[in-house]
Structures are given as structure tokens and as C-alpha cells.
Amino acid sequence: MSSRSLPRDREANRLPCVFPLALLGRVAVCELATTPPADAPLACPSPLARAACAGLHGLLRNQAAFALGLRPGRPCALPRATALKVQCGGLLGLQEMLDPEALAPDVHRLARLAQQHEGGLGALPTLSLIRKIAAWRDSRVE
């Protein structure tokens, strides 16, 4: 394979963002998320950061499964309203817990802080996260 056919920049390595609803809804920010041209989804240039976000999203989804009427451990596409609750409510709950001085939840920063939390992701106080996720409402539709 010649070097001419290989991508010369990181554009080819971008992966879909794990928290697009929270970012597009301007509930959260992320220093790594980029918007590709022409209606393409938000993307992440870092496979490691995306993996951390995926782990964080999985934790939020699993912890809130009962409160949201989901079956834990069964991966399936969530209805939009439920996905918004997991993403927005979960990130706001994590911000309140891990980064209370921030103006908005920063997804990349929260993923790092959650991993650095004593005991890791599994040691986060889940009851407050579940409450925040279950209580989250999109103020634009009320």
C-alpha cells in the first residue's frame, strides 16, 4: 500500500461522539468534540478519550436503568427523551459531584475526573446520579 493512499491527517480517525445530545443541546461542552462538515455527526479525535466517555456513558445508563424503566445490561437504542435524561442529567450530576465550580459540564474533563476518583468509575455515589438523571427535564419543551 503506498503512502499516498493513507490519510495525512487525523480526520480519518475521528469516531462518533458518545454524548452528542448533551453537546448539541448546549447542556455540556467538550474540548475534543468537533463538528465535521455537512450534517455529519459530532466526532472525537481521540480513541482513548472516546473509550473513557463510553465507559462513563455505560455507567450512567446502567445505574439509571431501573429509574428509567430500562433492562440493565441489555444494549439497545434508547428513545430520544431517555437518551437525553441519561446524557444531560448524568453529566449535570457528575459536574455537581466532581467539578462543581465549572460553568458547564465538560465531558472530557468529567470522564478524566471520574477515572481519577478514588476507586474509579464504580466507586462514584450512584444514588445522587440516579436522582439527577431521573429528574432531568428539557426546559425547551416545557
Side-chain angles (χ1 to χ4, degrees), residues 1-117 120-142:
M1 179 177 239
S2 79
S3 63
R4 289 183 184 170
S5 61
L6 296 175
R8 294 183 182 260
D9 61 12
R10 297 172 59 177
E11 294 296 318
N13 297 327
R14 295 185 187 274
L15 301 165
C17 176
V18 177
F19 289 96
L21 297 175
L23 295 177
L24 292 171
R26 300 181 194 264
V27 172
V29 297
C30 181
E31 65 188 65
L32 296 179
T34 60
T35 307
D39 295 335
L42 289 174
C44 181
S46 170
L48 290 176
R50 188 184 185 282
C53 286
L56 190 61
H57 187 274
L59 171 86
L60 295 173
R61 182 181 167 138
N62 286 337
Q63 292 301 322
F66 180 77
L68 297 176
L70 304 173
R71 290 185 169 193
R74 288 196 143 174
C76 64
L78 296 177
R80 182 176 173 82
T82 305
L84 278 165
K85 280 181 170 283
V86 170
Q87 290 185 27
C88 299
L91 290 171
L92 288 166
L94 284 170
Q95 177 200 5
E96 193 174 275
M97 185 184 312
L98 300 173
D99 199 14
E101 301 299 314
L103 297 176
D106 182 321
V107 179
H108 180 63
R109 179 172 168 75
L110 288 173
R112 256 192 350 263
L113 291 172
Q115 287 179 330
Q116 294 169 356
H117 186 267
L121 286 175
L124 291 170
T126 56
L127 188 56
S128 61
L129 280 176
I130 293 168
R131 286 183 179 146
K132 197 74 167 180
I133 291 169
W136 188 84
R137 301 279 184 265
D138 189 350
S139 61
R140 294 169 297 182
V141 294
E142 291 180 352

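Below, all heavy atoms of this structure are taken into account, side chains as well, without hydrogens, waters or symmetry copies.
- Annotation: the span from Met97 atom CE to His117 atom NE2 amounts to 7.5 Å, rounded to 0.5 Å.
- Between the Gln95 side chain and the Ala102 main chain, a donor and an acceptor come within less than 3.5 Å of each other.
- The two residues Lys85 and Ala134 come nearest to each other via the heavy atoms NZ-O, 2.8 Å.
- The shortest distance between side-chain heavy atoms of Ser128 and Glu96 does not fall below 4.5 Å.
- For the atom pair CG of Leu15 and CG of Leu42, the computed distance is 13.0 Å after rounding to the nearest 0.5 Å.
- Taking 4.5 Å as the limit, some side-chain heavy atom of Leu98 sits within range of a side-chain heavy atom of Leu124.
- Between Cys30 and Val107, the shortest heavy-atom contact is CB-CB, 4.1 Å.
- For Asp99, the side chain to side chain donor-acceptor pair (under 3.5 Å) partners at least two apart in sequence or on another chain are Arg109.
- Going from atom CG of Asn62 over to atom CD1 of Ile130 covers 10.5 Å, rounded to the nearest 0.5 Å.
- Shown here for Leu91 and Ala28, the closest heavy-atom pair between the two residues is CD1-CB, 3.9 Å.
- No more than 12 heavy-atom neighbours from other residues, nucleotides or ligands sit within 6.0 angstrom of CG on Leu103.
- With values rounded to the nearest 0.5 angstrom, Phe19 atom CZ is found 5.5 Å from Leu60 atom CG.
- Leu48 contributes atom CG, which lies 11.0 Å from atom CG of Leu32 (distance to the nearest 0.5 angstrom).
- Taking NE2 from His57 and SG from Cys17, the interatomic distance works out to 9.5 Å, rounded to the nearest 0.5 Å.
- Take Thr82 and apply the side chain to side chain contact (heavy atoms under 4.5 Å, CB included) test, not counting sequence neighbours, and it matches Leu68, Leu70, Leu78, Pro79.
- Smallest separation of non-hydrogen atoms from Gln87 and Leu21: OE1-N, 2.9 Å.
- In this structure, Arg50 contributes its side chain and Val18 its backbone to no donor-acceptor pair below 3.5 Å.
- Residues meeting the side chain to side chain donor-acceptor pair (under 3.5 Å) test with Gln115, sequence neighbours left out: none.
- Residues Pro45 and Pro47 come closest through the heavy atom pair O-CD, 3.6 Å.
- Taking all atoms of both residues into account, the shortest heavy-atom contact from Gly89 to Ile133 is C-CG1, 3.8 Å.
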